[in-house]
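The figures here come from the full heavy-atom set of this structure, side chains too, leaving out hydrogens, waters and symmetry mates. For ligands, and for the atoms within them, numbers begin at 1 and follow the listed sequence.
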Amino acid sequence: MSDHSNDRSARIRGLTIPRSLLPADGRFGSGPSRVRSAQVDALVAASGSVLGTSHRQAPVKNVVKRVRTGLAELFSLPEGYEVVLGNGGSTAFWDVAALGLIERRSQHLVCGEFSQKFATEVRDAPHLEDPEVIRAEPGALPSPVSSPDVDAYAWAQNETSTGVMAPVRRPEGAGTEQLVLIDATSAAGGVMVDPTQADAYYFAPQKAFASDGGLWLAVLSPAAIERAERIAAQGAHWIPSILSLTTAIENSRKDQTLNTPAVSTLVLMAEQIEWMNEQGGLAWADSRTRETSGLLYEWAARREEVTPFVDDPSARSQVVATLDISEEIDATAITSVLRAHGVVDIEPYRKLGRNQVRIATFPAVPPEDVRALIAVLDHVLDASA
Ligand SMILES: *Cc1c(COP(=O)(O)O)cnc(C)c1O
C-alpha cells in the first residue's frame, strides 16, 4: 500500500461518526442476524407458559406447529410437501442428507465455503461414491449439468461466504428419480422460490428468519420422503438416530423433535414467520430484500472506491451483498470504525480474505437502516479522502 493509502486508512480509524447519521439498529450481520424487538417481546410473553416447560406437551408442540404451518404458508407448499426439523443446524443436515437422501452419488456445485463443506462431507462418507463436483471461482456461479450417473444434485441458493445467488430450478434433462437438494440457509424466507423445483429445501433459523442457531429445517418433497424411507428400510449402512431423516419426519409430524430443541429459538422463529406472512408473505420479503440490496449495489456503482465482488449482476445476492473496497483503503479500517459506533458484522467471510465489506439485507433489515448505513459509509469515505 502507498503512503497515501495508509493515510486514508488511518484517517478512517480515527473518525467520529455523527450520531445523527447512525442507523436505528446497527446489526447487519449475515448470521446470526438481527432479531427484531417484537420477537424478543414474544419471547418475554412466552416466558411463563412456554419457556421452561416440557417439549412433549402442548405449549411447546404448539410453537413447533406454528413454525411448520407458518412455513407451509410462506412457501405456498403443495399437497404432499412436508416441513421437517431437527437439531444441529444446516451443518447437521449435510450429514442427514449424506446418510439418508443421497443413495450412491451426488453432484455438487461448489462456489464458496458452505457449498464446499457439503461436497467434502459427501466425499468423506464411506458408503457414497466420490461426488461429481462442478466448481466456480469465488464470486462466480456454477451451473448444474444433467448427469445420468448421480441420484442427487446439490447447491446453495445463496452462497453466504461470497454473496453469489443461484436459481432454484431442476437441471434441464434431470430425471424424476434424481433429487435436488438446496442449501437455502441464508436465502430461505428472503428470496422467492418455487418449492416444486427442489426435493429438500433446507435452512437454519439464524439467517433470514432472524432467530437463533441450532436447528435445521427442511421442506421435503414426496420424492425425498420416499427416498429417505427406502434408504432407511434397506438398512445398508448405520444411520445414527440423531441424523436419521425418517426419525425426524416421524417426530415432525407430531410437532416434536427427537431430542430437546432450543425452545426460545422456536419462539423467535414462529414470531418472525408470522410477521412475514402478515406483511405479505414471501413475495413481500423478496421485494424488500431486492430493494435493500439494490440500494447497496446502486451505491457501489456511484462510489469509485467500491465494486460489487460478484461480476454478474444476475448472480448478485439480494440478501448478502459483498462489496470490494479499492486497495487504497484498508477495509478493516472501515469495519472497525463502524463497529466502534455500534454498526457491526459487516466484515467479509473470514476465510475469503478479501478487502471487502459484506452486508446482510435480510427481511428484518428495513430500507431506512440501509439508507443510514450508506450515509455512514459515504461519510467515512468522504472524510478520509
Ligand atoms: C450459515 C450457513 C450454513 C451453516 O449453518 P449452521 O446452522 O451454522 O450449521 C450452511 N450453509 C449456508 C449457505 C449458510 O449460510
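Under a 4.0 Å N-O distance rule, the pair Glu177/Arg227 does not qualify as a salt bridge. Ion pair Asp199/Arg170 flagged as a salt bridge, since at least one NZ, NE, NH1 or NH2 atom sits closer than 4.0 Å to an Asp/Glu carboxylate oxygen.
Between the side chains of Ser115 and Glu159, at least one donor N or O sits under 3.5 Å from an acceptor N or O. Side-chain polar atoms of Thr289 and Gln318 form a donor-acceptor pair below 3.5 angstrom.
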Less than 3.5 Å apart, N/O on ligand 1 and N/O on the protein: could you list those pairs with the distances?
residue, atom, partner, partner atom, Å
ligand 1, 7 (O), Ser90, N, 3.2
ligand 1, 7 (O), Gln206, NE2, 2.9
ligand 1, 8 (O), Gln206, NE2, 3.4
ligand 1, 9 (O), Ser90, N, 3.3
ligand 1, 9 (O), Thr91, N, 2.9
ligand 1, 9 (O), Thr91, OG1, 2.5
ligand 1, 11 (N), Asp183, OD1, 3.4
ligand 1, 11 (N), Asp183, OD2, 2.7
ligand 1, 11 (N), Thr185, OG1, 3.4
ligand 1, 15 (O), Thr160, OG1, 2.4
ligand 1, 15 (O), Lys207, NZ, 2.7

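Between Tyr202 and Phe118, the ring planes lie perpendicular to each other; the angle is over 60°, past the 30° to 60° tilted range.
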Check step by step if side chain to side chain donor-acceptor pair (under 3.5 Å) holds for Ser147 and Glu132. CA-CA 9 Å; Ser147 163; Glu132 275 183 19; 2.8 Å; yes

